[in-house]
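Report on the structure given below.
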Amino acid sequence: MQKIALRGKEIYADYAQRFDDETIQAPPYRYRVVSVDDDVPTNELVASDFKQTKDGWQFDRAAYETRTRQICDERARAQYVRDVQMRIRAAYSLEEELSVLRRRDSDPERFCAYDAYCEECKRAAKARLAESAPADGA
């Protein structure tokens with residue numbers, strides 16, 4: 001179990017290691033010492049990962065995991081979008097893509113080929129994302 005120090009919305013991981021609980025909580029420091037699980041990187045903690053209970057401040061693992069999962073999901077989504085765009089740009093420049101879209105009704109065969117290629121790019125990007133995703137329970 002590792003300890004961190006909280007003051008307001010700021011987290012001071014190193015302070016809790018340097019001082020004993022009474023010294024760090026007394027004036028002029030006025031930090032709150034909170035225990036955190038060993039497997040949690042202290043440099044990734046934010047104030048919303050803690051909750052105040054009748055016994056004092058506690059680390060809220062569920063809030064931490066929800067927040068970090070959302071960050072991972074946002075990064076994965078951004079990577080997916082970049083991957084799809086890169087694949088489409090490999091075959092179509094922006095000008096060509098806009099031209100195909102403008103002529104959607106007058107040249108439906110070319111639009112269908114473009115659309116099929118975009119769908120294939122999406123499938124490939126999803127497959128790549130699934131390969132790079134960590135396995136559940138690992």
Side-chain angles (χ1 to χ4, degrees):
M1 196 61 79
Q2 55 187 342
K3 291 182 179 180
I4 61 110
L6 286 173
R7 185 164 65 180
K9 292 191 181 257
E10 298 294 320
I11 296 172
Y12 301 89
D14 295 339
Y15 279 51
Q17 308 305 327
R18 286 193 240 158
F19 300 105
D20 60 42
D21 291 357
E22 287 113 27
T23 304
I24 200 168
Q25 291 172 354
Y29 299 112
R30 294 195 177 115
Y31 291 103
R32 294 182 298 270
V33 177
V34 183
S35 296
V36 179
D37 299 337
D38 286 332
D39 63 335
V40 176
T42 56
N43 62 336
E44 293 180 5
L45 292 171
V46 296
S48 63
D49 295 336
F50 300 90
K51 63 181 176 184
Q52 188 170 15
T53 65
K54 61 181 172 108
D55 299 328
W57 285 85
Q58 291 183 341
F59 174 62
D60 186 356
R61 183 153 196 116
Y64 168 77
E65 288 177 352
T66 300
R67 185 181 60 78
T68 54
R69 193 175 321 109
Q70 287 172 343
I71 291 170
C72 289
D73 291 347
E74 289 168 7
R75 288 179 183 159
R77 176 72 180 151
Q79 178 60 40
Y80 168 77
V81 169
R82 282 192 303 271
D83 195 8
V84 170
Q85 289 175 347
M86 179 192 69
R87 291 170 188 272
I88 292 172
R89 288 293 162 262
Y92 294 92
S93 69
L94 182 58
E95 292 80 15
E96 290 172 325
E97 191 173 6
L98 291 173
S99 174
V100 169
L101 292 171
R102 263 193 320 271
R103 297 182 187 146
R104 178 182 193 164
D105 295 329
S106 62
D107 192 359
E109 294 90 21
R110 188 166 181 210
F111 176 77
C112 285
Y114 160 78
D115 190 49
Y117 180 75
C118 290
E119 291 302 318
E120 180 55 37
C121 290
K122 289 173 164 182
R123 279 192 291 281
K126 282 182 185 174
R128 182 168 179 238
L129 194 61
E131 288 174 4
S132 66
D136 289 338

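- The residues Glu131 and Arg128 are annotated as not salt-bridged, no charged nitrogen and carboxylate oxygen being separated by less than 4.0 angstrom.
- The two residues Val84 and Ala125 make their nearest non-hydrogen contact at CG2-CB, 3.6 Å.
- Both Tyr92 and Leu101 are members of a single hydrophobic cluster when ILVMFWY side chains are connected at heavy-atom separations under 4.5 Å.
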Side-chain atoms of residues 107-119: list all donor-acceptor pairs with protein atoms under 3.5 Å, sequence neighbours left out, distances to 0.1 Å.
{"residue": "Tyr114", "atom": "OH", "partner": "Glu97", "partner atom": "OE2", "Å": "2.4"}
{"residue": "Tyr117", "atom": "OH", "partner": "Arg87", "partner atom": "O", "Å": "2.8"}
{"residue": "Glu119", "atom": "OE2", "partner": "Lys122", "partner atom": "NZ", "Å": "3.4"}

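- Ala63 approaches Ser48 most closely through the heavy-atom pair CB-O, 3.8 Å.
- The list of salt bridge (charged side-chain N to carboxylate O under 4.0 Å, His left out) pairs with a residue in residues 54-66, not counting sequence neighbours, reads Asp37-Arg61, Asp39-Arg61, Arg61-Glu65.
- No donor-acceptor distance shorter than 3.5 angstrom exists from the side chain of Ser99 to the backbone of Glu95, with no hydrogens or angles considered.
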Exercise. Please walk me through it: do Tyr64 and Val36 pass side-chain contact (heavy atoms from CB on, under 4.5 Å)?
Worked result: CA-CA 11 Å; Tyr64 168 77; Val36 179; over 6 Å; no
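- One hydrophobic cluster, built from ILVMFWY side chains closer than 4.5 Å, holds both Ile11 and Val34.
- For the atom pair CG of Asp73 and OG1 of Thr68, the computed distance is 9.5 Å after rounding to the nearest 0.5 Å.
- Note that CG of Leu129 is 10.0 Å distant from CZ of Arg77, once rounded to the nearest 0.5 Å.
- Residue-environment remark: CZ (Arg104) stays at or below the threshold of 12 foreign heavy atoms within 6.0 Å.
- Through direct or indirect side-chain contacts shorter than 4.5 Å among Ile, Leu, Val, Met, Phe, Trp and Tyr, Leu94 is connected to Leu98.
- In terms of heavy-atom proximity, Leu6 sits nearest to Phe50 at CD1-CG, 3.9 Å.
- In the hydrophobic clustering of this structure, Val81 groups with Ile88; members are Ile, Leu, Val, Met, Phe, Trp, Tyr whose side-chain heavy atoms approach within less than 4.5 Å, directly or through other members.
- Not one N or O on the side chain of Glu10 forms a donor-acceptor pair closer than 3.5 Å with the backbone of Arg7.
- Looking only at atom types and distance, the side chain of Arg82 has a donor-acceptor partner in the side chain of Gln79 under 3.5 Å away.
- Formation of a donor-acceptor pair under 3.5 Å by the Asp38 side chain with backbone atoms of Gln2 is found in this model.
- Between the CG atom of Leu45 and the CD1 atom of Ile4 there is a distance of 6.0 Å, given to the nearest 0.5 Å.
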